Each structure stands twice: as structure tokens, then as C-alpha cells.
*Asks:* 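Take this structure first; my questions come after.
Just so it is clear: chains get the letters A, B, ... in the order the sequence lines come, proteins before strands, and each one is counted from 1. Keep in mind that this is a model prediction, so the values were computed, not measured.
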There are 2 protein chains.
Amino acid sequence: MTTHKATHKPANLTKGAQAVLDALGQVKELSSAQDIYGRLRQTGEKAPGLTTVYRALESLVQLGYVQAVDLGDGEKLYEVVEPGEHHHHLVCEGCGSSNHLDQCMVEEFEDAIRSKYGFQIKSHVLEIFGVCNTCQAKTSR
Amino acid sequence: MTTHKATHKPANLTKGAQAVLDALGQVKELSSAQDIYGRLRQTGEKAPGLTTVYRALESLVQLGYVQAVDLGDGEKLYEVVEPGEHHHHLVCEGCGSSNHLDQCMVEEFEDAIRSKYGFQIKSHVLEIFGVCNTCQAKTSR
DNA sequence: CTCTATGCAAATAATTTGCAAGCAC
DNA sequence: GTGCTTGCAAATTATTTGCATAGAG
């Protein structure tokens, strides 16, 4: 499986969007807009404002560089993805960590759904909650 | 094996919760807390307050009579389900309608995920967005 | 100069919380 | 009376918008 791993060099990005993308690229965990804003404030001295962060995220999502994830707790989370890609998470209720599923099971069903319901899939949301390996050990202690 | 298909008669519900459950049972579409609140105000003369609606929904979800759905647009939607059940939706971006998937594809993967990632699934979220049959016809016009 | 990007403050919107009154048993 | 339920208003939180300034070409 040749995943043609060519991380498109982000271009045409505003300064703010670039800063946000960088900040987002430095963390492995999902981050909220406010997280990013906070992180930028600490790191740089000339950090973009919250408004800019929101606007930057909006365009980055639009451009496909960033994926938005909504875990239902009132704030959206973001993470960097390969342009056009997307993925889903295993969110641990114990430690709050989230790992990517290396494969999107929904796509396997797209054809079936299309033919069964006559529904053409444009996008989807899939997040799985539970207890990760590590936390299972801790809990059963 | 008697499939004992007895729609558990909701008991022990507060007046408010009962009203909310009734209102929710009368609509086929997903409804927001505010929707329900509005509907209750119109219908009855002695309608519960917004606070009560929120609190009722919270307990109904807890009890398993109602399922909460978050489509990522900032407000949670609710619908009545058989106690303990849950299901996912095909949400049409054209007309906003949403239909249930008659089967939860995620459950088929639970074992695979458990053994592959050592992750124990407690719950999950799956919503599919696209264009329904009807709207495809309209759009291609 | 002209246009887009940015930032601050104010505006929204959904939901939650504090607290006093109402009802059930 | 005691305790759970309710409702109103105020508080909270995330996000958006108005508007005026700063920066790029």
C-alpha cells in the first residue's frame, strides 16, 4: 500500500493560519481553539488573537489541512491531517487520550449504504469512547 | 425465547421528564432542547421551563429512554429510543432530514478493535452526512 | 493607494447553576 | 414537615461579528 506520503507544503496561508497550523502540528493530542490560542500566547510574544485562531482554523479545515472533531462536549477539537484525509479516534474515558484508528470502517460501507438507502455520503463522523489498554489495567487494580 | 418486546413503560419519571418524553415521542425528527421547550409551550398551557427540559433530557438520557445526538452545530439533538438501544443517522445536507440506519456497523468492529488496540468500547458516535435520494433528484435537475 | 488580515470588544447562543417557592408523601 | 421538583434569573462558555487599524503588494 503506497500511501504516497507527500506532506503538501502549506502555501498561501496567512500569517495567523501558518502560526495556528504550526502550533497544531507540534501537539499530538487534539486541541481546541482555545488551547491553541493559549499555546500561541505562551510560545511566541507576538501571538495572533483568538479571533484569528478561529478564522484560521476555519480556513485550514476548508483547505483540508486540518480536521475538526466534535466529541460532544461543547468545544470543537482540531488536528493536522494530510490534505484531504481524515480519521477517527479511540477516546479513552480514563486518561482522555485519543488514538487514531488506522482505517476508516465507514468507507467500507459507503457503497452498501448508497445502494440500500439511495443516500450519497459526503462526510461522516465517527468517534469511539471507552477505556484504553493502560487504563483498563489501572481500573482493574 | 420470548423477545419480550414490551416498550418499558416509563415509570418513576418526574412530571417534567414525562412531558418532555411525550413531546419527544410525538416527533419523528431529532429535536433540540429548545425545540422541545418551544413545542411544549405551544401545546400545553402549563409547560415546564427550559431548565426543566434540560434536566429532564439529562435524566432521560441517563435512563436510556432518550438518545442524544451531536451533529457538531453547537446544539445537541435528542430522540426517543428503546431503553438501552441506540442508532445512527443519515443526515441529508439538502433537506436536513435524518433517517436511522437500521444497523450499527460499529458494533461489528468492536471485537476487532478490542483485540487490535486493546481498547474496550463503551460507546460511540456515528453520523453520516450526504444527500438523500430525494435531494439527489432535485439537485441533478 | 487598495485590499486583505488582524484584533479588540461587544454580541450571540446554548447550557448550567443558585436559590427560593411548590408539591408530594 | 422533609425532600425532591421546578422556574426564574444570573452566570458561564464557546464562538461569531462589527468595525477600525495594520500590513502586503
*Asks:* Pick base, sugar-phosphate or nothing for A:Ala19, based on heavy-atom distances below 4.0 Å to the nucleic acid.
*Replies:*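 Here A:Ala19 touches no strand at all.
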*Asks:* Look at B:Thr52 and D:dG7 and indicate whether a side-chain polar atom (N or O) is within less than 4.0 Å of OP1 or OP2.
*Replies:* yes
*Asks:* Test B:Leu57 against B:Val20 for side chain to side chain contact (heavy atoms under 4.5 Å, CB included), laying out the working first.
*Replies:* CA-CA 7 Å; B:Leu57 285 170; B:Val20 169; 3.7 Å; yes
*Asks:* What is the per-nucleotide protein-contact pattern of nucleotides 20-25 of chain D, from the 5' end, where B denotes a base atom under 4.0 Å from a protein heavy atom, S denotes such proximity for sugar-phosphate atoms only, and - denotes neither?
*Replies:* ------
*Asks:* Determine whether more than 12 heavy atoms belonging to other residues, nucleotides or ligands lie under 6.0 Å from atom CD of B:Gln103.
*Replies:* yes
*Asks:* Pick out which of B:Glu85, B:His86, B:Glu79 makes a side-chain hydrogen bond (donor to acceptor under 3.5 Å, both in side chains) with B:Gln67.
*Replies:* B:Glu79
*Asks:* In terms of the angle between their ring planes, are B:His88 and B:His124 parallel, tilted or perpendicular, with boundaries placed at 30° and 60°?
*Replies:* tilted
*Asks:* Could you write nucleotides 11-18 of chain C as a row of B, S and -, 5' to 3', where a protein heavy atom under 4.0 Å of any base atom gives B, of only sugar-phosphate atoms gives S, and otherwise -?
*Replies:* ---SBBB-
*Asks:* Does either side chain, that of B:Gln18 or that of B:Asp22, offer a donor lying less than 3.5 Å from an acceptor on the other one?
*Replies:*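 Checked: B:Gln18/B:Asp22 side chains pair up, N/O donor to acceptor below 3.5 Å.
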*Asks:* Indicate, with yes or no, if A:Val106 and B:Ile113 share a hydrophobic cluster defined by side-chain heavy-atom contacts under 4.5 Å among Ile, Leu, Val, Met, Phe, Trp and Tyr.
*Replies:* yes
*Asks:* Could you measure the distance from the CD atom of B:Gln34 to the CG atom of B:Leu50? Nearest 0.5 Å is fine.
*Replies:*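 These two atoms lie 5.0 Å from each other.
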*Asks:* Give A:Ala56 one of three labels, base, sugar-phosphate or nothing, depending on what nucleic acid heavy atoms sit under 4.0 Å from its own.
*Replies:* nothing
